[in-house]
Amino acid sequence: MSETGRHVSEAVASAAERRWGIVVALIIVALVAMMIFTGVHWASMPPSRVETIDPRTLHISGEFVESNLGTAVEADGKVVVRLVAQQYSFEPQCMVVPADTPVTFRGTSTDVIHGFVVGTTNANVMLIPGYVATFTATFRKTGEHLMPCHEYCGTGHAAMWARFRVVPQPEFMAKARKGERLTCVSR
Ligand code: CUA
């Protein structure tokens, strides 16, 4: 290779390296900008409507006493499931909801962070002590699902699950007399 040839190929190589250097620098700048943006965004706009609850007294009085857990048709006609998670079970152990109906879940934990997912549906939430988690889901198909805890919560985590039954709407409404809490726990 002649002297000039080597100079040319060196120039080509360093130009290519500079281009890659610029691309990598732009990617780093973009990622750092995203981190700063999301950090500032979450810090300046905390999630709305945070509901807190005292995990030490929730079993004694208020919304999450044992007699108030399960599925109820509220005065306004809304179907609401109330549940409590604790190491290592859910209360109630078996939940029943009507199909094709928006169902609002309200849940919390008495001890550590738990969570649940209903079978392969998109009903999925974390239950954090001190906070009430709530979301609404509609189940199209009737049938029974497993509802496992999906946050590692201790040695009994793998054995922590409930059953979840979706029944036809008329069947549910026939059983749900006003104010009564429904579960599918066998008594
Ligand atoms: Cu509760 Cu894992």
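Start at 1 and go down the list; that is how both ligands and their atoms are numbered.
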Could you tell me whether any N, O or S atom belonging to His150 is less than 2.8 Å from atom 2 (Cu) of ligand 1?
-> no
Taking atom 1 (Cu) of ligand 1 as the vertex, measure the angle between atom ND1 in His114 and atom SG in Cys153; round to 10°.
-> 100°
So does Gln87 have any N/O/S atom less than 2.8 Å away from atom 1 (Cu) of ligand 1?
-> no
Identify, by name, the N, O or S atom of His157 lying closest to atom 2 (Cu) of ligand 1.
-> ND1
Drop me the distance from Met160's CE to Thr155's OG1, to the nearest 0.5 angstrom.
-> 12.0 Å
Around atom CD of Glu66, are there more than 12 heavy atoms of other residues, nucleotides or ligands at under 6.0 Å?
-> no
Any disulfide (SG to SG under 2.5 Å) pairs touching residues 52-136, not counting sequence neighbours?
-> Cys94-Cys184
Quick one: pull up CZ in Phe139 and CZ in Phe164 and give me the separation to the nearest 0.5 Å.
-> 4.0 Å
Greater than 12 external heavy atoms within 6.0 Å of Tyr131's OH = no
Atom 2 (Cu) of ligand 1 -> Glu151, closest N, O or S atom is O
